[in-house]
Amino acid sequence: MVWCALLFIMLGVAVSSCSSGGARRGDAPGGSATTPERSWAGTEPAPGFPAGLTWLNVATPPTRESLRGRVVLLDFWTLGCINCQHIVPDLKRLEAEFGDALTVIGVHSGKYTAEQDDEGIRAAARRLGLEHPVVNDPDFAFWQAYGVNAWPTLVLIDPAGNIAGFHAGEGVYGLFQPIISSLVQEFEAKGDLTRDPLPVNADAQAASTVLSYPGEVLADALSGRLFIADSGHNRILVASLNGELQMAIGSGKEGFADGGPREAAFRQPQGLALSADGETLYVADTRNHAIRAIALATGEVTTIAGTGRQLERLPANGAPAATTAMASPWDVFVEGARLFIAMAGVHQVWVMDLEAASLSVFAGTSREGIEDGPRRTIATLAQPGGLTSDGRYLYWVDPESSAVRRTAIAGDGDVETLVGTGLFDWGDEDGVGRAARLQHPQGITMAAGLLYVADTYNHRIRSLDPATRAVTTVAGLGERGFADGPAALALLNEPGGISAAGGHLYVADTNNHVVRVLDPAAGRITTLSLANLAVAGPPAGRVVRVVLDPIVAAAGGSMLRIEVTAPEGHRLNSLGPSSITLTSGNPSVAALGESKLTWSSDLPAVTLPVPATLSPGTTGITATATVYFCRTGEDKLCLIQQIEVVQPIEVVAGPAAGEVPMRIDLTPAP
């Protein structure tokens with residue numbers, strides 16, 4: 001732990017945690033960026049890019065020289081920082097507006113040990129939908145070269161390679177859009193701007209998992225149901241506790257819309273809470289900055305709090321929920337007519353009066369920290385995540401201080417810290433109270449008198465006795481990976497959510513795209529096998545298109561023989577409704593006897609024969625497939641691939657026609 005604190009001193013940088021806004025020395029000066037006589041070009045050359053670092057989403061690592069002629073925006077971020085996540089929509093908006101005239105580069109200077117790992121950054125980039133170049137800066141070489149001291153910090157470089165300005169905090173689009181526009185106009189007028197596409201290689205998945213970055217689970221023993229925030233697929237799934245899917249709620253496309261289960265839209269939902277009567281599911285729709293309510297009898301979704309826009313100022317107590325903006329609600333917990341909300345984006349816990357439809361601050365001054373004391377006037381929180389309660393106390397985790405906190409659920413008590421000591425104190429140690437160390441925990445639940453914590457960046461599940469404050473490792477080897485078996489040897493990958501029912505703990509193993517089931521008494525962990533996959537259907541993702549080499553076939557009666565092959569180490573999944581739709585580009589050349597094929601197989605490959613009549617000419621046969629398959633072994637992972645395969649064919653007169661082969665080779669998720 002001492003080493004982590006010394007790291008920043010040895011690097012010679014003053015590091016602050018996530019910044020909520022505000023400029024620092026070097027900010028672009030005020031004034032109108034569109035004033036013709038005003039130039040926003042810089043005069044100080046930007047430092048060169050440090051060599052020897054890992055780059056993502058790019059074919060060749062860019063250099064300052066290779067980027068000359070482009071407007072460049074460096075985004076210094078760390079993946080667990082909520083303020084860094086808040087500016088992603090602004091960055092995407094700027095990229096869409098300026099196209100190839102602007103190059104955004106994410107410089108990931110990770111705060112936590114786990115945030116300096118290539119695989120963790122790659123997963124975060126996918127989860128946030130980042131398609132621009134991202135560089136891993138684990139030793140803060142970029143950070144030092146550009147004099148950065150807070151997350152997020154933006155550095156603007158003009159097409160001549162000079163620094164045009166700095167900004168630390170949020171509010172990115174409104175500040176940078178006019179300046180970038182002015183720079184583009186100025187340098188394009190001089191002939192010094194390039195709009196050639198940057199050779200990128202977005203690390204997009206060809207195959208999707210059945211779940212995608214599940215952020216939270218909620219197990220309900222009374223009804224035997226399991227609710228899953230399928231965050232990466234922008235939907236909520238309802239299943240039985242043994243994994244039988246019952247309902248999918250949400251179109252799967254990012255959006256903000258109420259309505260029935262197929263029309264409603266979410267944006268990376270996280271926290272879940274169930275009403276006492278079991279009829280309403282409350283959802284923290286994190287990226288929409290809203291709270292949604294699902295009528296479970298029909299799947300109808302309504303927005304009960306938040307406007308869909310991030311707040312700009314804190315509300316007065318008793319503010320109307322429907323018109324009050326929020327900031328990244330991360331989790332929810334219901335107690336009677338009160339809905340507690342972990343408002344991660346402003347470092348507070350709010351409470352919603354469900355009967356009055358009003359919002360109030362429950363705990364936290366909105367300053368980021370770990371001070372205890374009176375819950376509204378003194379106590380500071382640090383990006384609160386998971387919530388739970390034992391009826392007397394409300395407990396939560398503060399990821400940015402690697403802490404577990406609590407306050408009395410009734411009255412005006414103080415906030416107490418059970419585990420955790422500071423914003424830059426973390427580790428991987430069992431112990432009692434301040435001697436224990438967690439690393440960016442995101443989930444918490446109460447079961448049999450113990451708190452169970454999803455210790456996210458340590459890839460472990462830990463228990464905390466609230467009476468003695470003793471912390472004990474329950475599951476996880478402490479390494480990123482995927483393995484079932486004895487709990488102490490199991491491998492998880494950034495578990496983000498946890499819930500208890502029937503003596504078992506259900507864990508949203510976020511970066512493994514699965515739900516794990518932990519039996520604390522037996523000391524074993526398994527992966528929940530989802531069934532009835534047709535309920536979920538294929539995710540709303542990209543369809544891979546493959547054009548095969550042309551073949552020549554003889555006219556006459558023939559057979560199209562389709563072979564669907566899983567990758568090595570995988571097999572097809574009979575539990576999924578795999579199907580192929582066939583179309584002929586010219587039925588007078590290739591008339592197909594069937595247009596819709598389905599199958600059920602657990603083998604590595606399946607062959608599907610289709611009668612065909614061929615006549616002289618050229619055409620293409622298109623197979624549009626949705627295929628379910630799984631990785632083999634104990635740590636199996638089930639996948640879905642949507643693929644369109646085109647087989648060009650030339651039909652000539654000749655001997656009796658033979659078979660026409662068509663291969664569909666599936667690819668695993670990276």
Q.
So which atom in G308 and which in F256 form the shortest heavy-atom distance, rounded to 0.1 Å?
A. CA-CE2, 3.4 Å

Q.
If we check side chain to side chain contact (heavy atoms under 4.5 Å, CB included) with Y452, which of these qualifies: V507, T388, T445?
A. T445

Q. Can T527 and R516 be counted as having a side-chain donor-acceptor contact under 3.5 angstrom?
A. yes

Q) Does the pair D428/R460 count as a salt bridge with the N-to-O cut at 4.0 Å? A) yes

Q. Going through the distances and angles, do I121 and T54 end up as a side chain to side chain contact (heavy atoms under 4.5 Å, CB included)?
A. CA-CA 10 Å; I121 299 167; T54 300; over 6 Å; no

Q.
Assess whether a salt bridge exists between R663 and D549, defined as any Lys/Arg side-chain N lying under 4.0 Å from an Asp/Glu carboxylate O.
A. no

(Q) Are E300 and I249 packed together at the side-chain level, in the sense that at least one heavy-atom pair is separated by less than 4.5 angstrom? (A) no

Q: Over all heavy atoms of both residues, which pair between L666 and L572 is shortest? Give the atoms and the distance, please.
A: CD1-CD2, 4.1 Å

(Q) I want to check something: taking the side chain as every heavy atom from C-beta on, are I664 and T565 in contact at a cut-off of under 4.5 Å? (A) no

Q) Do Q641 and Y628 come close enough that some side-chain heavy atom pair is under 4.5 Å? A) no

Q | Non-hydrogen side-chain atoms of V627 and V564 separated by less than 4.5 Å | A | yes

Q. Can Q246 and S240 be counted as having a side-chain donor-acceptor contact under 3.5 angstrom?
A. no

Q.
The test is side chain to side chain donor-acceptor pair (under 3.5 Å); show your working for Q85 and R287 and say whether it passes.
A. CA-CA 9 Å; Q85 297 167 26; R287 304 298 181 205; 2.8 Å; yes

Q. Are any non-hydrogen side-chain atoms of P604 and H570 less than 4.5 angstrom apart?
A. no

Q) Does D258 come within less than 4.0 Å of R292, counting only side-chain N to carboxylate O? A) yes

Q | Intermediate values then yes/no, side chain to side chain donor-acceptor pair (under 3.5 Å), T456 and Q439 | A | CA-CA 7 Å; T456 307; Q439 187 178 184; over 6 Å; no

(Q) Between H86 and C84 (side chain of the first, backbone of the second, donor and acceptor by atom type, cut-off under 3.5 Å), is there such a pair? (A) no

Q: May I ask you to decide if the ring planes of Y457 and H440 are parallel, tilted or perpendicular, using 30° and 60° as cut-offs?
A: parallel

Q | Sub-4.5 Å side-chain heavy-atom contact between P648 and V547 | A | yes

Q.
Ignoring hydrogens, what is the shortest heavy-atom contact between N586 and T619? Give both atom names and the distance.
A. N-OG1, 2.9 Å

Q: Before giving the answer on side chain to side chain contact (heavy atoms under 4.5 Å, CB included), spell out for L582 and V610 the whole-Å C-alpha distance, their side-chain angles and the decisive distance to 0.1 Å.
A: CA-CA 10 Å; L582 293 172; V610 177; 3.8 Å; yes

Q) What's the verdict on side chain to side chain contact (heavy atoms under 4.5 Å, CB included) for T280 and L274, showing C-alpha distance, side-chain angles and the deciding distance? A) CA-CA 6 Å; T280 303; L274 186 65; over 6 Å; no

Q) For the residue pair G576 and L533, what are the closest heavy atoms and their distance? A) CA-CD1, 3.9 Å

Q) Is the backbone N or O of Q116 less than 3.5 Å from a side-chain atom of N136, with the two atoms forming a donor-acceptor pair by type? A) yes

Q.
For a 4.5 angstrom cut-off between non-hydrogen side-chain atoms, does I621 reach V646?
A. no

Q: Measure from the side-chain N and O atoms of D665 to the backbone N and O of P567, and report whether any donor-acceptor pair falls under 3.5 Å.
A: no

Q. What's the verdict on side chain to side chain donor-acceptor pair (under 3.5 Å) for D484 and T526, showing C-alpha distance, side-chain angles and the deciding distance?
A. CA-CA 5 Å; D484 287 339; T526 59; 5.7 Å; no

Q. Is it true that atom NZ of K253 has more than 12 heavy atoms of other residues, nucleotides or ligands lying nearer than 6.0 Å?
A. no

Q: Please assess V217 against L226 for the test side chain to side chain contact (heavy atoms under 4.5 Å, CB included), listing each intermediate value before the final yes or no.
A: CA-CA 7 Å; V217 288; L226 179 69; 4.3 Å; yes

Q.
Test side chain to side chain donor-acceptor pair (under 3.5 Å) on E115 and H108; report intermediate values, then the result.
A. CA-CA 9 Å; E115 291 180 338; H108 190 276; 5.1 Å; no

Q. Given the side-chain rings of H513 and H233, with only the six-membered ring counted for Trp, is the space between their centroids under 6.0 Å?
A. no

Q) Does any non-hydrogen side-chain atom of I580 lie less than 4.5 Å from one of T624? A) no

**Q.** Donor-acceptor contact below 3.5 Å, side chain T613 vs main chain G557
**A.** no

Q.
Show the nearest heavy-atom pair for residues N288 and A265, with the distance to one decimal.
A. ND2-O, 4.2 Å

Q: Please determine if E119 and R480 form a salt bridge, counting it only when a charged side-chain N lies under 4.0 Å from a carboxylate O.
A: no

Q) Quick one: do the E95 and H132 side chains pair a donor with an acceptor below 3.5 Å? A) yes

(Q) Looking at every non-hydrogen atom in both residues, tell me the closest pair between G110 and T78 and how far apart they are. (A) CA-OG1, 3.4 Å

Q: Check whether any side-chain N or O of T632 sits under 3.5 Å from a backbone N or O of G569 as a donor-acceptor pair, and report yes or no.
A: yes

